[in-house]
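For the numbers below, each heavy atom of this structure counts, side chains included, while hydrogens, waters and symmetry mates do not.
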Amino acid sequence: MADATLKTVGDKKTLVFAHSVKQAERLAEIFNRYRPDSADCIFGHTPDDRRAKIFRQFADRGKLQIMVNVAVAGEGYDN
C-alpha cells in the first residue's frame with residue numbers, strides 16, 4: 001500500500017484521511033519506513049504545540065510530505 005501510494009503521489013504533498021488514531025499512527029510509521037521522515041499524524045488529542053509544528057512542517061515544502069489525519073483537517077482544509 002505504501003509503495004503504491006508513494007509511487008502515485010511522487011513528491012507532492014499528500015493529506016491522508018484515517019479512521020482512527022491507531023490507523024493514523026501506523027500509516028505514518030509505514031510511510032516513514034519507505035521514505036524516512038516524510039510523514040506524521042495529527043488527531044484531536046495532539047497537543048496544540050505539536051499540532052502547530054506539524055501544520056507548519058506540512059505547509060513548508062520539503063519538511064513534511066505526508067500528513068495523516070483523523071478528523072482535524074477535513075472539508076475545506078486548504079494548505
Side-chain angles (χ1 to χ4, degrees):
M1 182 271 321
D3 187 52
T5 300
L6 292 172
K7 285 178 182 174
T8 300
V9 302
D11 65 349
K12 296 177 186 166
K13 286 194 307 183
T14 305
L15 180 61
V16 176
F17 295 88
H19 176 71
S20 68
V21 172
K22 189 173 184 175
Q23 181 187 35
E25 291 172 335
R26 183 74 171 132
L27 285 170
E29 175 190 325
I30 292 168
F31 284 127
N32 285 324
R33 193 178 312 149
Y34 281 78
R35 195 173 288 167
D37 301 318
S38 67
D40 208 339
C41 62
I42 191 168
F43 43 88
H45 288 43
T46 304
D48 290 343
D49 58 333
R50 178 151 170 70
R51 182 185 298 211
K53 179 182 177 186
I54 292 169
F55 274 111
R56 275 194 313 274
Q57 289 178 327
F58 189 63
D60 186 8
R61 187 134 175 92
K63 297 262 182 172
L64 185 66
Q65 179 185 3
I66 301 166
M67 184 168 67
V68 185
N69 100 99
V70 181
V72 174
E75 186 176 338
Y77 173 75
D78 184 23
N79 184 321

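Contact between Cys41 and Ala24 at its shortest, heavy atoms only, is CB-O, 3.8 Å. Between Leu27 and Val16, the shortest heavy-atom distance links the atoms CD1-CG1, 4.2 Å.
The distance from the CE atom of Met67 to the CD1 atom of Ile54 is 8.0 Å, given to the nearest 0.5 Å. Separation of atoms OG1 (Thr46) and NZ (Lys53) is listed at 12.5 Å; rounding is to 0.5 Å.
The shortest side-chain heavy-atom distance between Ser38 and Asn32 falls under the 4.5 Å cut-off. Counting heavy atoms from C-beta on, the side chains of Arg35 and Ile66 never come closer than 4.5 Å.
Ion pairing of Glu25 with Lys22 is absent here, as no side-chain N (NZ or NE/NH1/NH2) approaches a carboxylate O to less than 4.0 Å.
Val68 and Val70 fall into different hydrophobic clusters, where Ile, Leu, Val, Met, Phe, Trp and Tyr residues are linked whenever their side-chain heavy atoms come under 4.5 Å apart, directly or through other members. Linking ILVMFWY side-chain heavy atoms closer than 4.5 Å, directly or via other members, places Val21 and Leu15 in two distinct hydrophobic clusters. Clustering ILVMFWY residues whenever any of their side-chain heavy atoms sit less than 4.5 angstrom apart, transitively, puts Leu64 in the very cluster that holds Phe55.
Remark: the backbone N or O of Ala39 is not paired with any side-chain donor or acceptor of Gln65 at under 3.5 angstrom. Under a 3.5 Å cut-off, the side chain of Arg51 and the backbone N or O of Phe43 do form a donor-acceptor pair.
Other residues, nucleotides and ligands contribute at most 12 non-hydrogen atoms within 6.0 Å of the CZ atom of Arg50.
Each of Asp40, Thr14, Leu6 was evaluated against Phe31; a single residue qualifies, Leu6, per the side-chain contact (heavy atoms from CB on, under 4.5 Å) test.
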